[in-house]
Undergrad: 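Sharing a structure below in structure tokens format, with a few things to ask.
We name chains A, B, ... by the order of the sequence lines, and we start the count at 1 in each one. Everything numeric here is computed off the predicted structure, so don't read it as measured data.
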Amino acid sequence: MFARGLKRKYGDQEERVEGFGTVPSYSLQWQSLLDMSLVKLQLCHMLVEPNLCCSVLIANTVRQMQEEMSRDGVWHGMAPQNVERAPIDRLVSIEILCRTARGAEGEHPTPELEDGTLQSSASELSIVSSPQGQRNPQSSLWEMDNPQEKRGSFQKSLDQIFETLENKSPSSVEELFSELDSSYCDLDMVLTGMMSGTKPRLCNGLESFVAAAPPPSSTCKSDLAEKV
Amino acid sequence: MGAGGGNDIQWCFSQVKGAVDDDVAEGEGGSSTENKIQSHSRGEYNVYSTFQSHEPEFDYLKSLEIEEKINKIRWLPQKNAAQFLLSTNDKTIKLWKISERDKRPEGYNLKEEDGRPMDLMVEASPRRIFANAHTYHINSISINSDYETYLSADDLRINLWHLEITDRSFNIVDIKPANMEELTEVITAAEFHPNSCNTFVYSSSKGTIRLCDMRASALCDRHSKLFEEPEDPSNRSFFSEIISSISDVKFSHSGRYMMTRDYLSVKIWDLNMENRPVETYQFDWVFYLYSVVMTGSYNNFFRMFDRNTKRDITLEASRENNKPRTVLKPRKVCASGKRKKDEISVDSLDFNKKILHTAWHPKENIIAVATTNNLYIFQDK
């Protein structure tokens, strides 16, 4: 997703912090990270053998963000015009997200919910599932012969994820795990984006997902013969 | 800790083996053992033996392929002329015997000038196959100081094996929750204590290290010690969870200390102090994992810390401009702002080029650094 530290243009939600360059607002970062995490979780989900460690870490992060949101109860700076924007613009680079933690003085602005519900965030999340959003030029995952089919599957599975997240309960993220099997992708892929061409397994997994399209839960729920 | 530290070492390029193009995606499942010094020039390594350890397998039940890729190799202590090693992929561990044999007919004792027997033949034969004990992916193997048993760890379980017995292993750690929906933590690495054969540690994705004593109970779900550094709330970020995950843990030779690697730092722990590490080496830009006193990173950089002088140096594993005995030039990465001459900006780092494995010669100042498709050897000038 973000190879070689390419800088992206971010929207108007940025603040100039002295000495640290531009820092996007907390809400923009929060939203970006949530989008990114959901996409990555979904990608993990689509692999034949997702990396358990990867999935656990991302899910924990998302859970944390959920808890933060429901605890603070407010979300700052979620302007309605966000709905128009393609998600690709809102996915800021990792470096930006880290910068705030390291450099910014003072506390973060408290996140505020625009209309007191998760509706606004849900509507923004749904943008990620649009075909437009998936055409991330850097995402080698989409190096496929038939993007049309893949988009459809992606859409469907993303909706499943969004459903679980929309219902605000803290356990919603856990449900994602009930269908996970075990395999590996690099932790690198979590934080630096999907690498181009170096993970043939990834493509195989996705191709098989589309070709066979079994529901993820069919084979993966229980452990196999566990001999000890 | 590993050999190193102490006097200032000037690292220079020694040799490189492998594909010229580091970008070529790997595909071999073989494992080449480059471990013996062939006589001639000091410290020059040549390929001693190459053999295919694992083959790809297909799990029909789960309908997925098990890769032949080797995750870990561990040498056994040498007891006789032959060498033994354990190698593992995601699911199966194999014990290999590596022995030398003269090809010539018996009765002759011809040797080359430097003392090597002529027509040396190296044989690698599989001696044991330890299979079907891991549901999840094996990330570690560690040989016990009793030299009879070893452990293997996957994401959720650790098993104890006897080197002679392949049809059964003992589960000594199991952190799988009854309900997988409650899963929040996985095992990332495990190692036996170098001297105490009842003691081992395992690290987790939550940044904890647990020390367990097998005498306490059959299933070591309760740790004897828990090492965890409390989080500094002022450092909290979106990524706190992810960067605290420990990727590797290693004991010092004495067993008094252990070293852990998380995403942004290397920490040295005293086994007698659980609440914080005794030393921490921070990185100011994102890194990746896996080593003892030195650690690998992106852009084919690797970094070494001198624990005595507290100085660190960043070097690059590259074929460019490197002839034998060329002293490596320290590299400097600048995070932002003005870039000085010879510095590399963090934005131009190639995150596809990673050093995932490094190793230090047990006795000499010679290091091996593995990039995607090459093995570099560096030594003290």
Side-chain angles (χ1 to χ4, degrees), chain A residues 3-7 20-21 29-30 33 48-49 51-53 56-61 63-65 94-95 97-102 171 174-178 180-184 187-188 190-193 195-201 204-205 208 212 214 219-221 223-228, chain B residues 23 25-27 59 61-65 67 90 132-133 135-137 139 154-157 159 168-171 176 179-186 188 205-206 235-243 245 247 263 284-286 288-289 298 335-337 345-352 354 372:
Chain A
R4 299 177 185 260
L6 274 183
K7 291 222 185 318
F20 293 103
Q29 294 167 36
W30 191 96
L33 182 62
V48 182
E49 270 203 304
N51 179 337
L52 208 57
C53 186
V56 165
L57 289 174
I58 302 171
N60 286 351
T61 303
R63 193 181 293 119
Q64 212 172 283
M65 296 172 78
I94 300 287
E95 190 228 338
L97 286 164
C98 287
R99 217 193 273 162
T100 307
R102 272 206 315 276
S171 66
E174 277 95 354
E175 285 161 23
L176 295 174
F177 275 120
S178 57
L180 277 181
D181 199 76
S182 56
S183 185
Y184 273 99
L187 180 57
D188 277 336
V190 175
L191 292 174
T192 63
M195 305 305 178
S196 45
T198 56
K199 301 281 178 188
R201 215 182 343 154
N204 289 340
S208 68
T219 54
C220 306
K221 266 213 164 106
D223 292 335
L224 293 184
E226 295 164 20
K227 289 193 202 168
V228 165
Chain B
D23 290 336
E26 75 232 76
D59 183 335
L61 217 51
K62 287 189 184 178
S63 189
L64 51 84
E65 184 174 276
E67 283 201 334
D90 288 335
N132 299 321
T135 308
Y136 302 96
H137 283 200
N139 53 53
D154 65 32
D155 293 318
L156 298 178
R157 297 193 180 95
N159 294 331
R168 94 192 88 104
S169 68
F170 294 97
N171 176 238
K176 180 172 187 283
N179 186 354
M180 276 295 269
E181 292 172 7
E182 291 162 9
L183 180 67
T184 57
E185 189 174 10
V186 300
T188 51
S205 57
K206 277 201 185 282
N235 279 339
R236 187 140 185 80
S237 77
F238 291 120
F239 297 111
S240 294
E241 171 80 29
I242 292 174
I243 63 177
S245 175
S247 55
Y263 210 76
D284 51 9
W285 38 278
V286 291
Y288 203 59
L289 66 161
Y298 296 107
S336 57
S345 129
V346 73
D347 292 336
S348 41
L349 291 178
D350 184 349
F351 289 93
N352 286 320
K354 306 171 251 184
T372 311

Undergrad: Measure the CE-CG distance between B:Met180 and A:Leu52 for me, rounded to the nearest 0.5 Å.
TA: 5.0 Å
Undergrad: How long is the span from the CG atom in A:Leu57 to the CD1 atom in B:Ile243, to the nearest 0.5 Å?
TA: 11.0 Å
Undergrad: Indicate the atoms forming the closest heavy-atom contact of B:Lys206 with A:Asn60, along with that distance.
TA: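 Here B:Lys206 and A:Asn60 meet closest at NZ-ND2, 3.8 Å.
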Undergrad: Between CD1 of B:Ile242 and CD of A:Gln64, what distance do you get to the nearest 0.5 Å?
TA: 9.0 Å
